[in-house]
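Have a look at the structure below, then the notes.
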Amino acid sequence: MSRMNEQAQRVDLKLATSMVALVLAGMAAPALADAAADDQETAAAGSKEDTTIIVTGTRRTDRTVGESPVPIDVFSADDFKAQPSPQLQNIIKTLVPSFNQNRNLLGDASAFVRPPNLRGLPADQILVLINGKRMHRSALVQVTGDALNVGSQGPDLSQISSPAVSRIEVLRDGAAAQYGSDAIAGVINIGLSRADSGLNLAARYGQTYRGDGEDLQLSANAGFKLGDGGFFNITGEFIDQNVFDRSVPRPEIAPLIAAGITPPRPTGNRLGQPSNRAYRVVWNAAVPVGDGDEVYAFGNYGWQRQSNDFNYRRPIAVSAQDIPLRPGTGTFGKSIGTPWYLDRIGTDPVSGRAVFDAEGRTFSETSIFPNGFVPVFEASIEDLSIVGGYKGSTEGGLKYDFTAAFGRNQIRYFMYDTLNPSLGPASPTDFYLGKVTQQEYNINADFSYETDIGLYKPLFIAAGLEFRRETFAVGLGDRASWEPGPFGSQLVERNDLTRFNVTKAVGANGFPGFGPDSVAEGGRNNYSAYLDFEAEVVEGLDLGLAARYDYFNDFGSTFNGKFSARWAINDVIALRGAASTGFRAPTPGQQFTQNTQTGFPQGSAVPVATQTARPDSISAQYYGAKELTPEKSTSFSGGFVVTPGSGFNLTVDFYNIVVKDRIGITSSINTTAADQQALLALGLTTALDLGQVNYFTNGFRTRTQGFDIVLSHRADVGGGRLNSSIAVNYNKTKVTDRRTIALSTIRPTDTRVLSLIDNTRKGNIEDSNPRWRAVLSTAYTNGAFDLTVRANYFGKFTTYFLPIGSVPAGVDPVAFRALYPAPNAAAQTGEWGKTFGSEIGIDVEAGFTVAENYRLAVGVENLFNNYPDVETRNAYPSTGGQANGSIYPGSSPLGQAGGFWYVRATAKF
């Protein structure tokens with residue numbers, strides 16, 4: 001089946017690329033005619049673009065885009081102007097095809113901090129720089145992100161306001177030997193505005209075609225002179241986003257309404273964009289000192305509050321139509337539990353436990369929430385950074401740059417409209433769940449020097465030292481959010497003196513707060529040194545060599561290197577390539593994160609409690625967890641650049657990235673009744689509530705291969721200016737090795753063998769992202785009028801569910817297996833896969849500028865209101881949706897908002 005899918009994808013690509021090539025050719029034809037009439041002007045424009053100086057991926061001060069030995073994209077504020085979204089990560093997604101970011105629905109905190117991926121690798125394998133300095137991470141460890149990002153911990157790009165950015169450089173190549181940990185997939189360098197005068201105001205409002213998801217952005221950017229040649233630039237931004245909901249009624253909603261129950265939400269729970277209110281400030285400043293030296297500083301402060309629905313809790317049991325050939329799937333029991341027994345009648349003489357009267361007074365959650373409840377999960381995020389430094393040069397030509405930086409990201413969690421069942425009637429309904437905090441300290445000393453050693457051009461030498469301190473802490477939540485209350489386990493006696501035990505879940509229903517077992521604080525120190533050589537050894541041949549040594553106080557040292565080369569065959573064609581090794585150190589967040597959450601894994605009709613456990617915790621050790629070690633990578637890239645003139649530029653780059661000992665969260669391990677008892681005996685007080693356990697581990701190895709093609713053209717057309725480009729990315733990831741653990745090595749009587757990355761997870765890592773992605777963009781400017789049209793193409797993708805083990809009683813096995821796969825452990829097959837078709841989203845923005853300083857624009861994102869294919873697995877006939885009300889795949893890169901219109905106004909003073 002995978003071979004057929006690949007063939008279909010090839011046909012799909014041929015059709016897509018043929019279409020965009022025809023469109024591009026149509027746009028370029030009049031441009032070429034005008035270019036022939038005025039070739040010198042357009043050639044000069046193209047030359048100007050090629051000679052843009054870059055600062056990412058090199059420490060030379062004269063390297064241009066066209067001369068780079070590795071692929072790098074440079075975008076200016078003009079490229080941001082006509083973007084449909086003001087969020088920085090969404091802007092990058094429309095500019096760089098190999099950069100993707102999905103919206104996680106009902107995804108706990110992953111819906112608040114959206115993890116991106118670059119070249120099919122996760123967020124924490126992308127190094128983000130601001131003004132060339134490392135950006136700190138988010139405090140969120142992605143325990144429920146998409147398949148590629150589960151377990152990752154990267155920076156939160158949304159904290160940087162796009163109006164504060166004047167330039168973005170995206171290095172699409174491994175650079176750990178130059179920058180250290182995380183730069184396996186590439187580097188994103190965000191350059192802040194250095195404008196020293198003027199005031200820019202902007203306002204944007206939009207909403208979806210359905211009338212929800214209202215989105216307001218207000219921003220102001222101002223520049224001021226500081227002394228003679230200095231500047232201070234500051235940006236303020238306010239964002240207010242409302243929820244959009246793309247759920248259908250859950251299957252139990254209609255029967256509940258028929259029984260007289262009015263659920264708090266018409267569909268049960270909302271699925272879509274969370275509400276978001278944010279305030280952000282970004283600033284950048286520099287003052288010249290002496291003869292060419294400079295003191296600089298920049299930073300940011302952001303605060304935002306977001307909220308999201310969790311799953312609906314039913315007050316009574318109801319029945320709906322079953323999923324086809326799966327009897328019992330339409331039976332929905334009470335999801336808020338059995339009653340509390342209030343009357344104590346004695347004490348058990350053996351165990352010392354209190355005994356309660358089965359015929360006495362009782363109390364139920366329905367007394368608090370008669371129509372059931374939807375827990376509302378909320379996060380308050382505070383982000384802060386400050387960077388300062390001094391740079392200059394000596395009389396002998398040695399350049400230096402000394403920097404000190406501090407960054408902190410803190411997330412405080414809250415839960416409303418829920419309760420702690422183990423506390424009984426005394427339970428509050430609002431909880432503070434605790435906080436996670438990421439802090440980083442960086443001290444850098446960088447030096448560079450040029451010397452003539454007889455090569456075609458001088459040898460450029462760079463060297464530097466770095467100290468880095470990174471800490472992660474988990475803070476205690478309200479006691480009521482996590483404590484095991486007196487009703488957690490009750491011994492109840494009937495009138496006939498027989499007894500039974502009643503248990504209640506412990507902690508805030510939906511997301512128990514961080515208790516004493518979750519609270520942690522830890523960190524590490526990192527010492528680094530690097531050496532970098534670059535030179536044009538003979539005319540047209542550039543070579544580069546970089547080496548870096550890193551020492552971490554918790555797991556030791558690592559050494560990495562990189563070699564790069566570029567050969568300009570002539571003025572039109574140049575070949576380029578690089579080979580490097582890299583690494584990514586496990587973050588303290590991955591070492592110390594632990595929490596418990598409920599959900600519907602693989603379409604389950606009932607919620608299951610899943611614990612993400614620290615590697616050194618009771619539950620993780622029980623299932624064979626080991627200490628984390630660094631990820632290691634090797635990367636190869638090669639390609640060519642063609643600059644034929646007349647405004648055309650073409651780059652083609654291939655890449656191969658192998659990552660060993662990849663860190664991620666294991667597939668969920670089902671907790672048996674025997675496991676629960678054993679864990680309880682070991683001291684895990686919440687053991688009886690666990691349905692599944694996972695933990696962080698170095699669990700697998702991957703190989704990622706692909707290529708990028710970027711063709712751009714600039715020309716004068718009909719009295720105006722036309723800039724067109726098509727960028728295509730093909731990316732394929734394969735899991736080449738997986739670690740297993742035989743539990744008999746821990747407990748001789750336990751015969752289970754755990755595959756830490758199961759077949760379903762393996763399939764989702766390999767196929768849940770489209771292999772093909774393309775962006776065709778054209779921008780036309782004529783006087784006061786401007787028009788931008790962009791086509792985003794997303795290829796097919798496949799996601800997998802767990803196979804269904806046994807054929808239900810009374811069901812035709814042939815008909816059943818025709819719909820539902822059978823697991824085959826020996827052949828490692830049977831995953832329940834579904835391929836979703838390719839999609840195209842069209843964005844259009846038209847603007848008009850008055851008196852050169854005032855611009856009004858109207859635009860549409862996803863013009864034709866396109867949606868992903870519907871998810872049909874585990875779909876209920878009565879609703880067409882899943883048990884939680886979703887109808888679209890959460891991993892779709894197109895998103896689920898549908899069409900979105902907006903108006904934007906800007907003013908310059």
Side-chain angles (χ1 to χ4, degrees), residues 52-57 65 72-96 99 101 114 116 118 123 126-136 138 154-172 186-204 217-224 231-239 278-286 296-302 304 383-387 405 407 409 777 779 788 845 855 857 904 906-908:
T52 300
I53 299 296
I54 58 173
V55 296
T56 307
V65 173
I72 185 167
D73 303 307
V74 180
F75 306 103
S76 68
D78 288 340
D79 297 304
F80 313 156
K81 182 175 67 174
Q83 294 293 331
S85 171
Q87 300 284 353
L88 190 61
Q89 64 271 36
N90 293 336
I91 292 174
I92 298 175
K93 180 178 178 179
T94 64
L95 295 173
V96 182
F99 181 94
Q101 186 169 48
R114 299 168 58 195
L118 180 66
I126 307 168
L127 177 62
V128 179
L129 307 175
I130 300 178
N131 286 350
K133 311 302 179 183
R134 179 184 287 265
M135 182 182 180
H136 60 277
S138 165
D156 183 0
L157 285 169
S158 69
Q159 296 298 331
I160 303 302
S161 303
S162 60
V165 179
S166 64
R167 172 184 172 117
I168 296 176
E169 296 182 4
V170 180
L171 173 67
R172 293 177 275 115
V187 180
I188 298 174
N189 187 13
I190 301 166
L192 302 180
S193 175
R194 296 174 62 91
D196 63 359
S197 62
L199 173 64
N200 299 317
L201 304 177
R204 171 188 174 275
Q217 181 211 25
L218 302 174
S219 68
N221 172 269
F224 306 92
F231 72 91
F232 177 77
N233 188 276
I234 186 168
T235 301
E237 181 181 47
F238 169 73
I239 290 177
Y279 304 86
R280 300 191 178 104
V281 176
V282 180
W283 58 279
N284 190 25
Y296 59 88
F298 58 90
N300 78 288
Y301 176 80
Q304 68 185 116
D383 191 85
L384 169 69
S385 72
I386 183 169
V387 181
N409 184 272
S777 178
T788 299
E845 178 171 313
R855 180 176 182 266
R904 176 187 286 127
T906 58
K908 299 180 181 179

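Worth knowing before you read on, the calculation uses all heavy atoms, side chains too, and leaves out hydrogens, waters and symmetry mates.
Residue Asn233 is tested with Asn284, Asp196, Asn221 for a side-chain hydrogen bond (donor to acceptor under 3.5 Å, both in side chains); the sole match is Asn221. Here the rule is side chain to side chain contact (heavy atoms under 4.5 Å, CB included) with Gln217, and of Ser161, Pro163, Ser85 only Pro163 fits it.
If you take CD on Gln89 and OG1 on Thr94, they are separated by 11.0 Å, rounding to the nearest 0.5 Å. Annotation: the span from Leu218 atom CG to Glu237 atom CD amounts to 9.0 Å, rounded to 0.5 Å. Note that CG of Asn189 is 8.0 Å distant from CD1 of Ile72, once rounded to the nearest 0.5 Å. For the atom pair CD (Gln101) and CZ (Arg114), the distance works out to 4.5 Å, reported to the nearest 0.5 Å. Considering OG of Ser385 and OH of Tyr301, their distance stands at 12.0 Å, rounded to 0.5 Å. To the nearest 0.5 Å, atom CG of residue Asp383 and atom NE2 of residue His136 are 3.5 Å apart.
Leu129 is not listed as a side-chain neighbour of Ile188, based on a closest heavy-atom distance of 4.5 Å or more. The closest side-chain heavy-atom distance from Arg134 to Leu127 is below 4.5 Å. The side-chain heavy atoms of Phe298 and Arg194, taken from C-beta on, include no pair separated by under 4.5 Å. Residues Asn200 and Thr906 are not in side-chain contact: their nearest non-hydrogen atoms beyond the backbone lie 4.5 Å or more apart. Using a 4.5 Å cut-off on side-chain heavy atoms (C-beta onward), Phe238 and Arg280 make no contact. When side chains are defined from C-beta on, Val281 does not count as touching Asn300, because their heavy atoms never get closer than 4.5 Å. Counting heavy atoms from C-beta on, the side chains of Gln304 and Ser158 come closer than 4.5 Å.
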Stepwise side-chain contact (heavy atoms from CB on, under 4.5 Å) check, Phe80 with Leu95: CA-CA 9 Å; Phe80 313 156; Leu95 295 173; 4.3 Å; yes
Can Gln83 and Thr788 be said to form a side-chain contact (heavy atoms from CB on, under 4.5 Å), step by step? CA-CA 9 Å; Gln83 294 293 331; Thr788 299; over 6 Å; no
For the pair Val165 and Thr235, evaluate side-chain contact (heavy atoms from CB on, under 4.5 Å) and give the outcome as yes or no after the intermediate values. CA-CA 9 Å; Val165 179; Thr235 301; over 6 Å; no
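The two residues Glu845 and Ala857 make their nearest non-hydrogen contact at OE2-CB, 3.6 Å. Listed here is the closest heavy atom pair of Leu118 and Gly186: CD2-CA, 4.0 Å. Closest non-hydrogen pair, Ile160 versus Leu88, comes out as O-CB, 3.8 Å. Contact between Phe99 and Pro116 at its shortest, heavy atoms only, is CZ-CB, 3.3 Å.
The local environment of NZ in Lys81 is crowded, with over 12 non-hydrogen atoms from other residues, nucleotides or ligands closer than 6.0 Å.
Under a 3.5 Å cut-off, the side chain of Asp79 and the backbone N or O of Ser76 do form a donor-acceptor pair. For Lys908 (side chain) and Leu199 (main-chain N/O), no donor-acceptor pair under 3.5 Å exists by modelled atom type. A donor-acceptor distance shorter than 3.5 angstrom exists from the side chain of Glu169 to the backbone of Thr56, with no hydrogens or angles considered. Between the side chain of Asn131 and the backbone N or O of Leu192, at least one donor-acceptor pair lies under 3.5 Å.
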